[in-house]
Amino acid sequence: MVTFERPLPDLGTEGDVVVKRILAFLVDAIGFGLLIGIVSEVLAVISETLGVLVGGLGTLLFFIYFIYFEAEYGQTVGKMVMDIVVVTEDGDPITYRDSAIRTLLRIVDALPFFYIVGLVAIYVTDRKQRVGDLVADTIVVKTKPTADRL
């Protein structure tokens with residue numbers, strides 16, 4: 001269920017969420033990509049320059065999306081759908097700094113293509129962390145069930 005509040009983490013479930021992390025990213029990427037594409041096309045009809053500008057800013061906005069939602073709620077919309085949350089290695093909420101670090105390092109994780117570096121890192125680290133998580137000292141875990149969700 002998608003809710004805009006920070007859920008409690010279910011620590012120790014890092015190994016259980018690898019596929020959910022991939023699916024959450026796909027939800028975010030496809031949803032955000034469609035939104036930016038539609039806005040770019042609408043603005044291109046109005047003004048070609050505006051359409052190009054929005055399309056060019058898409059990557060920057062994508063990074064801002066991850067930084068904001070993970071810092072404020074511990075989750076992007078994709079993570080909300082998958083019931084996973086980003087927290088510090090100690091289980092505390094992540095900060096804007098933590099979120100910015102892990103988000104900017106998506107560039108490294110995405111190398112050389114299809115997030116190969118990030119996926120390898122997830123599969124070889126004990127706490128299933130990609131490069132961004134390792135540098136920011138963050139983990140991704142299941143959300144703890146609440147009375148509303150049972």
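Worth knowing before you read on, the calculation uses all heavy atoms, side chains too, and leaves out hydrogens, waters and symmetry mates.
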Subject >> Between Asp98 and Thr138: side-chain donor-acceptor atoms closer than 3.5 Å >> reply: no
Any donor-acceptor N/O pair, [X] side chain to [Y] backbone, under 3.5 Å:
X	Y	value
Asp10	Lys142	no
Arg102	Ile139	no
Asp109	Val131	yes
Gln75	Arg6	no

**OP:** Examine Arg106 relative to Phe66 and say whether NZ or CZ is less than 6.0 Å from the centre of the six-membered ring and inside a 45° cone about the ring axis.
**Re:** yes
Once you round to the nearest 0.5 Å, how far does [atom1] of [X] lie from [atom2] of [Y]?
X	Y	atom1	atom2	value
Ile64	Thr103	CD1	OG1	10.5 Å
Ile101	Leu104	CD1	CG	8.5 Å
Thr143	Lys79	OG1	NZ	13.0 Å
Ile22	Leu119	CD1	CG	5.0 Å
Asp133	Ile94	CG	CD1	9.0 Å
Thr76	Ile67	OG1	CD1	13.0 Å

**OP:** Quick one: sort the Phe62 and Phe32 rings into parallel, tilted or perpendicular, breaks at 30° and 60°.
**Re:** tilted
**OP:** Measure the acute angle between the ring planes of Tyr68 and Tyr96, then classify it against the limits of 30° and 60° as parallel, tilted or perpendicular.
**Re:** tilted
Decide whether [X] and [Y] are clustered together by the hydrophobic rule: side chain heavy atoms of Ile, Leu, Val, Met, Phe, Trp, Tyr closer than 4.5 Å, transitively.
X	Y	answer
Phe113	Tyr115	no
Leu111	Val135	yes
Tyr65	Leu61	yes
Phe114	Val124	yes
Val81	Ile84	yes

Subject >> For the student: nearest non-hydrogen atoms of Ala71 and Ser99, plus distance >> reply: N-OG, 3.9 Å
Subject >> Gly91 to Pro9 - nearest heavy-atom pair and separation >> reply: O-CG, 3.7 Å
Original post:
Pick one: which of Lys20, Arg127, Arg130, Lys128 meets salt bridge (Lys or Arg N to Asp or Glu O under 4.0 Å) with Glu14?
Top reply: Arg127
Subject >> Minimum side-chain heavy-atom gap Val141-Val85 below 4.5 Å >> reply: yes
Original post:
Quick one: are Leu11 and Val87 in side-chain contact, heavy atoms under 4.5 Å?
Top reply: yes
